[in-house]
Amino acid sequence: MRQLCLALSVATLACSAPSLQPELAQAEAHERAGRHDDALAAYLRAGERCGEVSDLRRRYETCRSAYLGRAELLNRIGRRDQAAEEYEKIPTILPDHANASAEALYRGGRLFLELGKDERGYTLLWRSVTNYPDEEFAGDALKIIIRDGRKRNPKQLHDELAKLGPALSETGIADNLLYHMADIAENELAEPALALGHYDLIAERYSKGGLVDDALWHGARLSRLAGDAAGAVKRLRTLQSTREIAFGTGSYLSIWHDDGQLELGRVLRDDLKDLRRAARVFRNLPKRYPDSILHDDARFEEAETWARLGDSARACRALDRLRAKHPDSKYELARAPTLRQKLGCSTAANDPK
């Protein structure tokens with residue numbers, strides 16, 4: 001008996017694992033063959049029987065595939081009104097399936113919008129956000145709400161998001177709400193101070209979230225625009241500290257890390273007149289971010305900074321590194337020759353290290 005089981009498992013799954021529910025397999029086979037009515041009927045039977053699957057994980061996946069698969073097929077074959085209604089029912093049918101429910105509400109809401117049924121569509125999208133805020137599809141639903149609301153009434157949209165904030169403050173979508181509020185406050189409401197407050201809340205409350213680097217970058221930008229150079233430096237230094245966390249956990253480097261290093265040098269030099277520290281910041285950028293595309297920017301900024309300090313030797317060495325490492329850089333082709341001439345640098349390249 002065991003030998004028979006092992007032989008069969010070569011063609012299917014291991015005997016110890018639950019097999020794919022027959023009705024679901026039939027639905028997928030009918031769909032591939034273009035027998036759409038048969039596929040819809042099989043998806044329906046699979047949904048009705050998915051609770052019989054003993055393995056919990058398989059049961060979840062089978063139920064999800066059955067109900068979402070049926071709605072998706074209806075949409076693909078042009079029965080869009082029925083598809084939207086099928087999506088709408090799924091959270092009621094699968095109340096314990098958060099991910100499937102969030103996806104169904106998102107897809108159903110989007111489909112109702114495409115059909116011109118705006119009120120019904122936005123009702124589903126908001127339910128995805130408020131009922132399943134820790135699911136990825138809630139974030140997708142929020143993006144649609146934001147895109148439309150910004151065109152209609154950005155002030156009302158901002159205020160509605162603010163009302164949701166306290167109830168969703170401990171959920172996965174909380175930093176997304178604040179980020180959208182900040183973006184709206186700056187660009188539609190022309191209230192940069194309000195936007196800065198939202199960005200700072202992200203950095204303070206959700207420092208482990210995926211939007212903290214963006215919030216620190218934009219917060220530093222708004223601080224500098226407001227004349228608060230020290231505040232910009234503080235935020236940019238915090239942004240650099242998230243780089244250390246990223247390296248330590250082996251996760252990621254934000255697109256803002258090297259930009260933040262370059263901007264930190266500029267704020268130190270141009271706003272706070274701390275030229276020596278700025279020069280070190282510029283010098284360190286290629287070492288800290290070896291894959292950055294900003295190496296030539298940093299090397300030219302370093303040269304300019306030493307030149308302002310009256311240290312021609314260090315400025316010329318920085319220009320030598322620029323020429324050796326980036327002979328086709330926009331700086332090397334335009335501004336560097338003028339600075340070399342002004343400083344009296346040697347025309348021969350020195351040691352670029």
Side-chain angles (χ1 to χ4, degrees), residues 136-140 142-144 146-147 150 172-188 192 195-226 228-229 231-271 277-302 304-305 321-322 325-326 328-331:
E136 181 180 354
F137 286 101
D140 294 330
L142 182 61
K143 289 177 184 177
I144 296 178
I146 296 297
R147 186 176 62 210
R150 295 179 82 142
I173 207 169
D175 55 345
N176 285 266
L177 294 175
L178 283 168
Y179 192 82
H180 287 302
M181 289 164 61
D183 193 27
I184 293 167
E186 179 182 3
N187 294 294
E188 275 80 15
L196 179 58
H198 294 325
Y199 285 132
D200 284 346
L201 276 179
I202 294 173
E204 177 186 340
R205 295 181 181 175
Y206 309 106
S207 60
K208 305 299 183 184
L211 290 172
V212 63
D213 295 332
D214 301 78
L216 288 166
W217 169 260
H218 290 299
R221 176 179 56 80
L222 291 175
S223 293
R224 193 180 186 193
L225 287 173
D228 180 13
V233 166
K234 179 181 178 181
R235 291 170 177 83
L236 289 169
R237 289 200 182 283
T238 303
L239 175 58
Q240 293 306 303
S241 72
T242 68
R243 169 207 180 255
E244 304 301 335
I245 295 172
F247 269 119
T249 59
S251 55
Y252 74 100
L253 280 177
S254 163
I255 60 170
W256 300 121
H257 279 138
D258 53 343
D259 291 271
Q261 177 96 357
L262 190 67
E263 183 70 1
L264 176 60
R266 288 170 174 163
V267 178
L268 287 169
R269 180 189 66 194
D270 300 336
D271 298 0
R277 187 170 296 177
R280 290 195 295 271
V281 168
F282 292 133
R283 178 68 188 275
N284 286 335
L285 189 150
K287 299 175 184 177
R288 289 171 64 86
Y289 305 105
D291 298 323
S292 172
I293 62 171
L294 300 177
H295 289 189
D296 58 332
D297 301 79
R299 288 182 167 119
F300 185 78
E301 296 284 13
E302 181 194 356
E304 278 216 326
T305 306
R321 287 190 290 272
L322 175 66
K325 302 289 186 180
H326 314 283
D328 298 323
S329 164
K330 61 184 179 182
Y331 298 103

Requested in this report: May I have the step-by-step check of side-chain contact (heavy atoms from CB on, under 4.5 Å) for His257 and Thr242, ending in yes or no?
Outcome: CA-CA 8 Å; His257 279 138; Thr242 68; 2.7 Å; yes
Query raised in the report: With under 30° as parallel and over 60° as perpendicular, where do the rings of Trp217 and Trp256 fit, or are they tilted in between?
Result: parallel
Query - Inter-residue atom distance Thr305.OG1 - Arg283.CZ, 0.5 Å rounding - result: 12.5 Å
Query raised in the report: If you round to the nearest 0.5 Å, how far is CG of Leu262 from CD of Glu301?
Result: 6.0 Å
Report task. Could you tell me whether the side chain of Asn187 reaches within less than 4.5 Å of the side chain of Arg150, counting heavy atoms only? Result -> yes
Query raised in the report: In terms of the angle between their ring planes, are Tyr199 and Tyr179 parallel, tilted or perpendicular, with boundaries placed at 30° and 60°?
Result: perpendicular
Query - Heavy-atom side-chain contact between Arg221 and His218 under 4.5 Å - result: yes
Query raised in the report: Is any side-chain heavy atom of Ile202 closer than 4.5 Å to a side-chain heavy atom of Asp214?
Result: no
Report task. Report the C-alpha distance between Asp200 and Arg235 in whole Å, list the side-chain angles of each, state the deciding distance to 0.1 Å, and finish with yes or no for salt bridge (charged side-chain N to carboxylate O under 4.0 Å, His left out). Result -> CA-CA 9 Å; Asp200 284 346; Arg235 291 170 177 83; 2.7 Å; yes
**Report entry** Residue pair Gly265 / Val281: nearest heavy atoms and the distance that separates them
**Finding:** N-CG1, 3.6 Å
Report summary line: CG of Asp297 to CG of Leu322, rounded to nearest 0.5 Å, is 9.5 Å
Query raised in the report: In this structure, are over 12 heavy atoms from other groups packed under 6.0 Å from Arg266 atom CZ?
Result: yes
**Report entry** Where Asp175 and Gly209 come nearest, the two heavy atoms and their spacing
**Finding:** OD2-CA, 4.2 Å
Query raised in the report: What residues form a side-chain hydrogen bond (donor to acceptor under 3.5 Å, both in side chains) with Arg224, not counting sequence neighbours?
Result: Glu263, Asp271
Query - side-chain hydrogen bond (donor to acceptor under 3.5 Å, both in side chains) partner of Glu302, the single match among Arg269, Arg321, Arg280 - result: Arg321
Report task. Report the residues that fulfil ring pair (Phe, Tyr, Trp, His ring centres under 6.0 Å) with Phe300, sequence neighbours left out, ordered by chain and then residue number. Result -> Tyr331
Query raised in the report: Where is the tightest heavy-atom contact between His295 and Pro286, given as atom of each residue plus distance?
Result: NE2-CA, 3.5 Å
Query - Spacing of Leu196 atom CG and Leu201 atom CG [to the nearest 0.5 Å] - result: 10.0 Å
Query raised in the report: To the nearest 0.5 Å, how far apart are CD1 in Ile293 and CG in Asp259?
Result: 7.5 Å
Query raised in the report: Minimum heavy-atom separation for Ala182 to Ala195, with atom names?
Result: O-CB, 3.3 Å
Requested in this report: Rounded to the nearest 0.5 Å, what's the gap from CG on Asp213 to OG1 on Thr238? Could you check?
Outcome: 10.5 Å
Requested in this report: Identify, with sequence neighbours excluded, every residue that meets side-chain hydrogen bond (donor to acceptor under 3.5 Å, both in side chains) alongside Ser292.
Outcome: Asp258
Requested in this report: Considering non-hydrogen atoms only, spot the tightest contact between Ala232 and Val267 and give its length.
Outcome: CB-CG1, 4.5 Å
Query raised in the report: Which pair of heavy atoms, one from Glu186 and one from Leu222, lies closest together, and at what distance?
Result: OE2-CD2, 3.5 Å
